[in-house]
Colleague: 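The structure is given below, and queries will be raised subsequently.
Just so you know, these numbers come straight off a predicted model, no measurement behind them. We're numbering straight along the sequence, starting at 1.
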Amino acid sequence: MTTINLHNTKTRKKSEFTPIDDTNVRLYLCGPTVYDRAHLGNARPVVVFDVLYRMLRQVYGAAHVTYVRNFTDVDDKINATALARKEAGAPGSLEDLVQQRTEETIGWYLADMGSLGALEPDHMPRATQFIPQMVAMIEDLIAKDHAYAAEGHVLFAVDSWKEHYGALSGRSVDDMIAGARVEVAPYKKNPMDFVLWKPSTEELPGWDSPWGRGRPGWHIECSAMAQDLLGPSFDIHGGGNDLMFPHHENEIAQSCCVNGDDSFARYWLHNEMLQVEGKKMSKSLGNFFTVHDLLEQGIPGEVIRFVFLSTHYRKPMDWTEKKAKEAETTLRKWRALTAGIEPAASAAAAVVDALADDINTAGAIAEMHKLAAAGDAAGLLASAHLLGLLTDDLGGWANQPAVDLSRFEAQLVAARQAAMDTNNFAEVDRLKTALVAAGVEVRMSKAGVELVPGAGFDPAKLEALQ
């Protein structure tokens with residue numbers, strides 16, 4: 001059997017992965033809060049864990065792996081989007097609008113992640129389906145003096161777990177209090193105490209509880225869903241490193257206190273963050289976009305997936321247009337090489353070894369380049385399938401010929417320069433109109449002109465520019 005080594009955030013070292021039960025390997029990934037479309041950074045852990053899921057299924061058998069990824073469908077941000085719709089005149093109660101928003105957003109999310117080739121997990125629980133389990137867990141924490149009720153809230157008492165709290169993120173409670181931005185509330189015994197239950201209005205989603213009508217805090221949701229679906233102790237828990245504190249730290253505290261020991265997840269995996277053209281993705285920088293945005297621009301989901309996997313998950317990933325174009329070129333070559341053939345019985349040993357070494361997808365892709373250079377199409381195809389690449393489901397885009405728009409870019413640049421000299425922009429407008437009508441996105445700046453095939457691109461409509 002293949003030996004898998006994973007970098008465990010909790011122990012800060014890479015070690016051999018040994019499941020609790022090799023007939024039921026269990027992993028949990030923190031899923032999205034469903035108030036809007038998933039941005040590109042949200043997709044990275046999904047793709048990383050999808051590769052891990054595929055590898056575990058190959059090593060232990062598909063029937064012996066259980067993968068859970070949740071939906072947080074009760075949250076202030078969801079309520080805010082519903083309230084904005086209601087104020088804009090949308091019919092229905094506020095609770096109805098919350099439900100509509102979550103259903104809509106979950107549909108978007110599943111479609112977008114599917115476009116990236118991500119397999120659907122075995123379980124995709126919604127927080128609102130597990131309220132009784134959360135209430136029971138909170139009652140247990142209160143009974144064990146790890147939580148307390150105050151003014152309609154229930155809070156976890158960090159001091160009751162002080163010796164262990166911060167072990168995942170490497171912070172002490174005193175350091176966290178000194179440097180943290182936490183909600184200061186008169187009902188908190190300690191500034192670091194976090195909410196397990198909070199009051200809710202009659203208009204907003206809420207549930208009856210021993211502490212009044214309310215709803216759960218964010219952290220208790222994942223603990224309750226993981227415990228119900230995977231048991232009090234399971235193998236792997238993952239997410240972006242931005243969740244390490246406070247979310248994962250708080251999950252560990254409340255779950256271990258319920259369990260009465262230091263159990264819960266045994267291996268913790270965290271992916272690094274995503275950048276765009278070397279900068280942090282943010283709306284203020286104008287480089288913030290969703291997975292759907294890229295798909296609408298005509299960038300295939302398989303290309304996005306390839307770019308993600310070209311960087312090790314524990315390193316910052318830089319999304320660039322250059323990388324996307326290089327990925328498309330590689331994938332076209334590989335699809336041409338493997339067209340019409342059957343994959344080998346198994347992925348190449350070197351590719352499997354790379355993936356088994358802490359999900360080293362970048363190393364696996366390097367080995368796949370060697371297979372392609374050697375003409376081993378069957379080995380390449382089997383190896384690509386292990387990474388979720390070169391699959392039939394993702395291949396539709398590659399049936400379209402590559403488009404070279406450089407001639408039209410030069411034509412538009414020349415027309416713009418002439419217009420600057422004559423102050424007559426008629427030709428520029430004519431070219432732009434024809435390009436947009438053909439489904440081309442026209443990007444003009446001081447640096448130059450860039451043309452990108454978008455959704456509905458039709459090369460035949462460019463004939464007018466011949």
Side-chain angles (χ1 to χ4, degrees), residues 30-46 69-116 124-131 134 151-153 181-185 194-209 212-222 225 239-240 242-243 246-247 273-274 276 280-297 441 454-455:
C30 288
T33 300
V34 287
Y35 67 95
D36 207 347
R37 285 194 178 274
H39 62 69
L40 198 58
N42 298 143
R44 191 179 191 197
V46 174
R69 187 186 67 218
N70 73 291
F71 288 112
T72 294
D73 60 344
V74 53
D75 183 82
D76 289 339
K77 291 181 179 179
I78 301 173
N79 294 344
T81 60
L83 183 60
R85 286 187 173 187
K86 187 172 182 63
E87 292 175 345
S93 68
L94 192 55
E95 193 160 0
D96 289 339
L97 293 172
V98 167
Q99 178 69 17
Q100 290 173 20
R101 183 60 171 179
T102 57
E103 292 294 338
E104 176 182 55
T105 309
I106 287 172
W108 288 343
Y109 183 86
L110 292 177
D112 289 345
M113 297 307 109
S115 295
L116 303 184
M124 293 185 287
R126 303 184 185 194
T128 53
Q129 298 170 335
F130 289 77
I131 300 298
M134 296 175 203
E151 299 183 23
H153 295 74
R181 291 186 294 178
V182 296
E183 180 188 1
V184 178
F194 56 88
V195 172
L196 301 172
W197 190 263
K198 64 176 70 174
S200 186
T201 67
E202 288 299 321
E203 279 192 318
L204 291 170
W207 293 263
D208 293 332
S209 79
R213 176 180 167 82
R215 62 180 180 83
W218 175 32
H219 313 301
I220 197 69
E221 295 174 5
C222 284
M225 288 184 278
D242 57 325
L243 298 182
H247 185 50
M273 294 296 96
L274 177 141
V276 177
K280 181 179 179 180
M281 186 169 68
S282 70
K283 291 180 179 179
S284 62
L285 293 176
N287 65 353
F288 180 95
F289 42 79
T290 66
V291 172
H292 182 72
D293 289 336
L294 291 183
L295 296 172
E296 283 291 292
Q297 290 172 20
E441 182 182 348

Colleague: Only counting residues at least two apart or in another chain, list the ones meeting side chain to side chain donor-acceptor pair (under 3.5 Å) with N79.
Modeller: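 By the side chain to side chain donor-acceptor pair (under 3.5 Å) rule, N79 matches no residue at all.
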Colleague: Can you sort out the partners of R215 under salt bridge (Lys or Arg N to Asp or Glu O under 4.0 Å), two or more places apart, ordered by chain and number?
Modeller: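 With sequence neighbours excluded, R215 shows a salt bridge (Lys or Arg N to Asp or Glu O under 4.0 Å) to D76, given in chain and number order.
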Colleague: Could you pull out all donor-acceptor pairs under 3.5 Å where a side-chain atom in residues 92-99 meets a protein atom, sequence neighbours excluded?
Modeller:
from : atom 1 : to   : atom 2 : distance (Å)
S93  : OG     : D96  : N      : 3.0
S93  : OG     : D96  : OD2    : 3.1
D96  : OD2    : S93  : N      : 3.4
Q99  : NE2    : E103 : OE2    : 3.0

Colleague: K280: what forms a side chain to side chain contact (heavy atoms under 4.5 Å, CB included) with it, not counting sequence neighbours?
Modeller: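 Per chain and number, K280 pairs via side chain to side chain contact (heavy atoms under 4.5 Å, CB included) with no residue.
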Colleague: Please identify each residue that fulfils side chain to side chain contact (heavy atoms under 4.5 Å, CB included) with P216, with sequence neighbours left out.
Modeller: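 Counting only residues at least two positions away or on another chain, P216 forms a side chain to side chain contact (heavy atoms under 4.5 Å, CB included) with V74, I131, M134, W197, W207, I220, E221.
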Colleague: Which residues pass the side chain to side chain contact (heavy atoms under 4.5 Å, CB included) test with T290, not counting sequence neighbours?
Modeller: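 Applying side chain to side chain contact (heavy atoms under 4.5 Å, CB included) to T290 gives R37, H292, D293.
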Colleague: Tell me the closest heavy-atom pair linking V291 and A43, and the distance in Å.
Modeller: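 Heavy atoms of V291 and A43 come nearest at CG2-CB, 3.8 Å.
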Colleague: Return each pair, listed once, that meets ring-ring contact (aromatic ring centres under 6.0 Å, His included) where at least one residue sits in residues 76-104; pairs must be two or more places apart or across chains.
Modeller: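 The answer is none; no pair qualifies.
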Colleague: Which residues satisfy the ring pair (Phe, Tyr, Trp, His ring centres under 6.0 Å) test with W218, sequence neighbours excluded?
Modeller: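 Result, ring pair (Phe, Tyr, Trp, His ring centres under 6.0 Å) vs W218: H247.
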Colleague: Taking side chain to side chain donor-acceptor pair (under 3.5 Å) as the test, write out the residues that go with T128, two or more places apart.
Modeller: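 Result, side chain to side chain donor-acceptor pair (under 3.5 Å) vs T128: D73.
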Colleague: Mind checking what makes ring pair (Phe, Tyr, Trp, His ring centres under 6.0 Å) contact with F71, not counting sequence neighbours?
Modeller: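 In terms of ring pair (Phe, Tyr, Trp, His ring centres under 6.0 Å), with neighbours along the sequence ignored, F71 is linked to Y109.
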Colleague: Can you name the residues that form a side chain to side chain contact (heavy atoms under 4.5 Å, CB included) with P246, not counting sequence neighbours?
Modeller: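 Result, side chain to side chain contact (heavy atoms under 4.5 Å, CB included) vs P246: H219, N250.
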Colleague: Could you list the residues that satisfy salt bridge (Lys or Arg N to Asp or Glu O under 4.0 Å) with R101, not counting sequence neighbours?
Modeller: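 Salt bridge (Lys or Arg N to Asp or Glu O under 4.0 Å) list for R101, sorted by chain: D36, E104.
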Colleague: Mind listing the closest non-hydrogen atom pair of L274 and G41 along with its distance?
Modeller: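 Nearest pair, atom of L274 first, then G41: CB-CA, 4.2 Å.
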